[in-house]
Amino acid sequence: MPDFEAVVGLEVHLHLKTKSKMFCGCDADYFGDPPNTHTCPVCLGLPGVLPVVNAQAVEYGILFGLALNCQIAPWTQFHRKSYYYPDMPKNYQISQYDLPIAAHGYLEVEGQRVRIKRVHLEEDAAKSTHPEGAPYSLIDLNRAGSPLIEMVTEPDIRTPEQARIFLSHIRSIAQTLGVSDANPEEGKMRADVNVSVRRVGEPLGTKVEIKNLNSFRSVARALEYEIRRQQEILRSGRRVEQATLGFDEAAGKTYVMRLKEGEADYRYFPDPDLPPIVVDEAWLARLKAAMPELPAQKYARYVEAGVRPYDAEILAYNPSLARFFDQTLACYRGNPQTVANLLNADVAGYLNERQMEVQETALTPEHLAALAGLFERREITNRVLSQLLPEVMEGADPLKLVEERGLRAVADEGALRPLVERVVAANPKVVEQVKGGNLKAANALLGPIMKETKGTAKADVVKKMLGEMLGVEL
């Protein structure tokens with residue numbers, strides 16, 4: 001509705017890619033393992049234990065903050081955040097409150113700046129499951145104490161699609177830095193959404209929080225529904241009630257989980273077992289020097305090299321494709337757009353069909369460069385490229401395949417003329433249709449020619465010859 005606008009802020013949790021948990025030595029890679037097998041007295045919250053800060057997690061937090069143009073705190077500390085949920089063994093969470101590791105940053109999304117309020121470190125809760133129909137719940141403590149980054153934006157997002165793109169960029173940054181796999185399907189990236197609706201030009205409305213959305217599509221769908229719901233409430237003259245909501249994936253609707261807690265309910269206070277962390281200039285300089293090229297920088301570099309902006313964005317924000325693209329360009333002397341086309345269309349289609357990443361295949365940068373060169377020099381046709389791609393993805397050398405099978409493109413009219421004449425003579429009815437103005441019927445002549453030449457005949461040359469023979473322009 002044009003007289004209303006949504007105001008959206010995001011809270012994103014990233015599971016950090018450290019070997020151990022946030023405050024103990026338990027293995028943090030518990031995904032797929034039996035429940036309650038990655039625990040110790042510290043992450044179980046037993047009396048008398050002392051937590052120790054994971055130094056790698058702190059560095060990951062600083063790197064992530066730098067990538068989001070944040071100010072890094074020279075002095076920071078951990079707090080205890082008290083709440084009583086079944087999946088929090090200690091009945092408090094070690095988190096950060098008024099002195100986060102990083103704050104006041106921003107991320108450019110489609111030409112608009114989304115401000116980053118804060119980036120802080122904390123430990124994760126355990127995981128509860130609720131068997132259908134059972135009078136009990138089950139708890140898996142493997143996740144308890146796992147290292148997390150929580151990133152909070154300012155309410156600068158206005159549409160569900162902008163929220164989806166923002167999250168995809170955050171995932172790409174985390175993967176590029178190597179701080180997190182950021183895989184929503186494995187729970188390694190989770191998002192909570194704060195959303196309110198107001199009439200354009202009016203103050204902020206009452207916000208609600210939608211918790212534990214586990215995919216970018218869920219974020220967009222939940223926002224679409226909740227924005228409509230709040231618009232209808234306001235249009236009818238009622239007030240939106242502040243609450244914490246869940247999202248029913250099957251029904252596509254939000255539902256009330258509980259009334260929203262206030263900050264005072266958490267009773268934050270500095271954790272007495274953990275000393276403050278001082279980030280000195282030498283430490284910060286070392287981390288800045290270790291920063292890899294970020295997706296936005298890759299995008300600018302690709303566009304400058306001649307790649308279309310649309311293709312450059314797809315590549316730059318897909319770390320595995322970007323890495324492979326760069327490796328291919330290092331051994332390719334042609335137009336980078338040709339390689340970009342192959343990766344974003346042919347290779348991406350192959351990967352999507354098999355649910356794979358490019359590094360999981362036997363494709364090499366050298367073979368992709370060779371395939372791109374053959375196509376760019378018009379030594380093979382598009383049809384031959386499509387025929388060769390599955391074998392090249394499985395490790396075959398495209399140059400050898402073309403030579404062994406005689407698949408180089410044929411553009412010699414003298415070599416093609418006997419075949420074209422024979423096909424024309426064998427299809428008089430089709431010829432009459434073409435001469436009568438049905439130019440699409442010429443495809444029935446083109447097909448047999450391409451089949452007999454195994455796709456090596458250049459289609460534009462064959463069409464030109466057919467047009468000349470039949471007295472039409474194809």
Side-chain angles (χ1 to χ4, degrees), residues 1-14 68 81 83 85 103-120 125 130 150-171 184 187 189-266:
M1 299 180 185
D3 51 336
F4 288 99
E5 73 171 353
V7 178
V8 177
L10 296 174
E11 298 176 14
V12 180
H13 289 87
L14 291 168
L68 296 178
K81 177 183 179 183
Y83 58 90
Y85 294 164
H104 310 305
Y106 64 88
L107 182 64
E108 298 284 349
V109 178
E110 295 193 313
Q112 293 185 322
R113 179 168 291 190
V114 177
R115 291 171 296 159
I116 309 300
K117 183 177 183 180
R118 59 187 284 134
V119 172
H120 69 256
H130 314 286
E150 180 175 351
M151 183 215 67
V152 182
T153 76
E154 297 286 1
D156 291 343
I157 295 170
R158 293 292 177 266
T159 68
E161 177 63 9
Q162 190 182 11
R164 186 194 66 77
I165 295 172
F166 177 88
L167 289 170
S168 71
H169 285 194
I170 289 294
R171 176 179 61 184
M189 180 174 180
R190 309 195 299 272
D192 300 334
V193 173
N194 293 301
V195 54
S196 64
V197 171
R198 65 181 176 186
R199 292 186 184 275
V200 176
E202 291 188 354
L204 293 176
T206 303
K207 71 176 181 180
V208 301
E209 183 179 20
I210 310 173
K211 298 285 286 185
N212 299 327
L213 298 165
N214 57 11
S215 73
F216 302 161
R217 181 171 178 268
S218 294
V219 168
R221 289 181 65 215
L223 278 173
E224 288 166 1
Y225 174 81
E226 185 58 24
I227 291 168
R228 288 197 304 270
R229 185 185 76 88
Q230 291 190 30
Q231 286 177 343
E232 291 169 4
I233 290 173
L234 295 175
R235 192 170 288 282
S236 66
R238 294 175 290 140
R239 295 179 61 184
V240 175
E241 183 178 4
Q242 184 173 353
T244 298
L245 308 180
F247 181 62
D248 186 328
E249 293 278 356
K253 297 180 178 181
T254 57
Y255 60 91
V256 176
M257 295 171 63
R258 59 184 180 273
L259 296 180
K260 178 63 179 172
E261 301 93 338
E263 214 170 67
D265 296 318
Y266 292 127

(request) Could you walk me through whether I157 and F166 pass side-chain contact (heavy atoms from CB on, under 4.5 Å), step by step? (result) CA-CA 9 Å; I157 295 170; F166 177 88; 4.3 Å; yes

Salt bridge or not between [X] and [Y]? Use side-chain N to carboxylate O under 4.0 Å.
X    : Y    : answer
R118 : E150 : no
R113 : E108 : yes
R235 : D3   : yes

(message) Looking at H104, I'd like to know if its NE2 atom is crowded, meaning that more than 12 non-hydrogen atoms belonging to other residues, nucleotides or ligands lie closer than 6.0 Å.
(response) no

(message) With a 6.0 Å cut-off (strictly less than), is the heavy-atom count around CZ of R217, excluding the residue itself, greater than 12?
(response) no

(request) Mind running salt bridge (charged side-chain N to carboxylate O under 4.0 Å, His left out) on E224 and R221 for me, showing each step along the way? (result) CA-CA 5 Å; E224 288 166 1; R221 289 181 65 215; over 6 Å; no

Counting C-beta onward and ignoring hydrogens, is there a side-chain heavy-atom pair between [X] and [Y] closer than 4.5 Å?
X    : Y    : value
F4   : V200 : no
V7   : S196 : yes
V197 : V240 : no
R171 : M189 : yes

Can you give me the closest heavy-atom contact between [X] and [Y], atom names plus distance?
X    : Y    : result
I116 : L107 : CG1-N, 4.4 Å
V219 : A163 : CG1-CB, 4.2 Å
V256 : A243 : CG1-CB, 4.4 Å
P184 : F216 : CG-CE2, 4.1 Å

[atom1]-[atom2] distance between [X] and [Y], expressed to the nearest 0.5 angstrom:
X    : Y    : atom1 : atom2 : answer
L234 : R198 : CG    : CZ    : 12.0 Å
E241 : I233 : CD    : CD1   : 9.5 Å
E226 : T254 : CD    : OG1   : 4.0 Å
T153 : L10  : OG1   : CG    : 5.0 Å
R228 : K253 : CZ    : NZ    : 10.0 Å
F247 : L223 : CZ    : CG    : 9.5 Å

Within the side chain of [X], is there an N or O that forms a donor-acceptor pair under 3.5 Å with the backbone of [Y]?
X    : Y    : result
S218 : L213 : no
D192 : N212 : yes
R158 : P155 : yes
R190 : V12  : no
S236 : E232 : yes

(message) Apply side-chain contact (heavy atoms from CB on, under 4.5 Å) to residues K211 and M257 and explain how you reach the verdict.
(response) CA-CA 9 Å; K211 298 285 286 185; M257 295 171 63; 4.3 Å; yes

(request) Report the residue from Q162, Q112, R115 that forms a side chain to side chain donor-acceptor pair (under 3.5 Å) with D156. (result) R115

(message) As a test of understanding, state which of Q230, E209, K207 forms a side chain to side chain contact (heavy atoms under 4.5 Å, CB included) with V195.
(response) Q230

(request) Apply side-chain contact (heavy atoms from CB on, under 4.5 Å) to the pair V114 and E154, showing each step before the final yes or no. (result) CA-CA 7 Å; V114 177; E154 297 286 1; over 6 Å; no

(message) Looking at Y266, I'd like to know if the NZ or CZ of K81 sits under 6.0 Å from its six-membered ring centre while staying within 45 degrees of the ring's axis.
(response) yes

